[in-house]
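Convention: sequence-line order gives letters A, B, ...; per-chain numbering from 1.
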2 protein chains.
Amino acid sequence: MNLKIATEIGKCLSNQTRFQIMEWLKEPEKNFPPHETLKHFNDGVCVTYIQEKAGLSQSTISTYLTNMEKCGLLISTRHGKWSYLKRNEETIKQFTDFLK
Amino acid sequence: MNLKIATEIGKCLSNQTRFQIMEWLKEPEKNFPPHETLKHFNDGVCVTYIQEKAGLSQSTISTYLTNMEKCGLLISTRHGKWSYLKRNEETIKQFTDFLK
DNA sequence: CAAATATATCTATAATTCTCGATATATAAA
DNA sequence: TTTATATATCGAGAATTATAGATATATTTG
């Protein structure tokens, strides 16, 4: 972890919707409906579910998630036409350790 | 810790200077000259020293520090005409626990 | 291959944040 | 009580971020 990445993570965490996404992804089963195709949450939650829950436009949420992945807060996995997002616990730990 | 305060902390941590102040204040003795009047760092570091180290204007740093105190990242203590700032480890822990 | 679906990117305007100089306030020193 | 010093607040223009609609790309399905 370095200062630049840490502040990029800070930017992602400076917005309530983005912070909430991090919270929601702690418990996908509790916060999202089951995936019809993918029968599990091993790789996280698809963009559409996150977008619907957040109530913002598709492009806005897509931008959020892309940036959150770029700074390492999220891990993105493609399965066919869907992108699934999950928390990157390793980076999260590096960030909190850096601050503490 | 709640979502609103957490995102306010995120805003403070979204800027390299502000994040660095948090880092500098981990080790005042190492990062700042000794205080002439106050002989210790028990209450942290005075605004002027932080301002000089950061290299930004007095008003900018004062605003930074005020906001960092408002969201609980820093604790401010007045001694005469000086304000001393130190990290608020309790809030920092609450924030990192909230994210994890 | 055409149509449908999911996601990503582009572009532009609105909103917010950055940063400073000017000024105000509080305290100490002369 | 005037002057000096440290910090806080105000006001404004510059810079950045927010957000959406339009469009592009990728993948699946018929």
Query raised in the report: Of all heavy-atom pairs between Met68(B) and Met22(B), which one has the smallest distance, and what is that distance?
Result: CE-SD, 3.6 Å
**Report entry** Glu8(B)/Lys4(B) under salt bridge (charged side-chain N to carboxylate O under 4.0 Å, His left out): CA gap, chis, key distance, verdict
**Finding:** CA-CA 6 Å; Glu8(B) 279 162 13; Lys4(B) 186 160 190 309; 2.7 Å; yes
Query - Ala6(A) versus Phe19(B), closest heavy-atom pair with distance - result: CB-CE1, 3.6 Å
Report task. Give one of base, sugar-phosphate or nothing for Ser83(A), where a contact means two heavy atoms less than 4.0 Å apart. Result -> sugar-phosphate
Query raised in the report: Closer than 4.0 Å, any side-chain N/O of Ser62(A) to the OP1 or OP2 of dA8(C)?
Result: yes
Requested in this report: Report the distance from atom CG of Leu25(A) to atom CD of Gln20(A), rounding to the nearest 0.5 Å.
Outcome: 11.0 Å
Query raised in the report: Does NZ or CZ of Lys53(B) come closer than 6.0 Å to the centre of the six-membered ring of Phe32(B), within 45° of the ring's axis?
Result: yes
Report summary line: Atom CG of Leu65(B) and atom P of dT19(C) are separated, to the nearest Å, by 14 Å
Query raised in the report: Starting at CD of Glu52(A) and ending at C1' of dT5(C), how long is that distance when rounded to a whole Å?
Result: 13 Å
Query raised in the report: When rounded to the nearest 0.5 angstrom, what is the spacing between CG in Leu65(A) and SG in Cys46(A)?
Result: 10.5 Å
Report task. Could you check how far CG of Leu56(B) sits from C1' of dC18(C), rounded to whole Å? Result -> 10 Å
**Report entry** Distance test, side-chain N/O of Asn15(B) to OP1/OP2 of dT19(C), below 4.0 Å
**Finding:** yes
Query raised in the report: OP1 or OP2 of dA6(C) less than 4.0 angstrom from a side-chain nitrogen or oxygen of Arg78(A), does that happen here?
Result: no
Report task. With rounding to the nearest 0.5 Å, note down the distance linking CZ in Arg18(A) to CD in Glu23(A). Result -> 14.5 Å
Report summary line: Rounded to whole Å, CD of Gln58(B) lies from P of dA22(C) at a distance of 13 Å
Query raised in the report: Atom CD of Gln51(A) and atom P of dA8(C): how far apart are they, to the nearest Å?
Result: 12 Å
Query - Nearest-Å distance for atom pair OH/P, residues Tyr64(B) and dT17(C) - result: 13 Å
Query - First of Thr48(B) and Trp82(A) reached from the 5' end of DNA chain D, by closest nucleotide - result: Thr48(B)
Query raised in the report: To the nearest Å, how far apart are Glu69(A) CD and dA8(C) C1'?
Result: 12 Å
Report summary line: Taking for Thr66(B) and for Ser59(A) the nucleotide of DNA chain D with the nearest heavy atom, the one nearer the 5' end belongs to Thr66(B)
Report task. In whole angstrom, give the distance that lies between atom CD1 of Ile61(B) and atom P of dG21(C). Result -> 13 Å
Query raised in the report: Which nucleotide of DNA chain D is the first, and which the last, in the 5' to 3' direction, to come under 4.0 Å of a heavy atom belonging to chain A?
Result: dT17(D) to dT28(D)
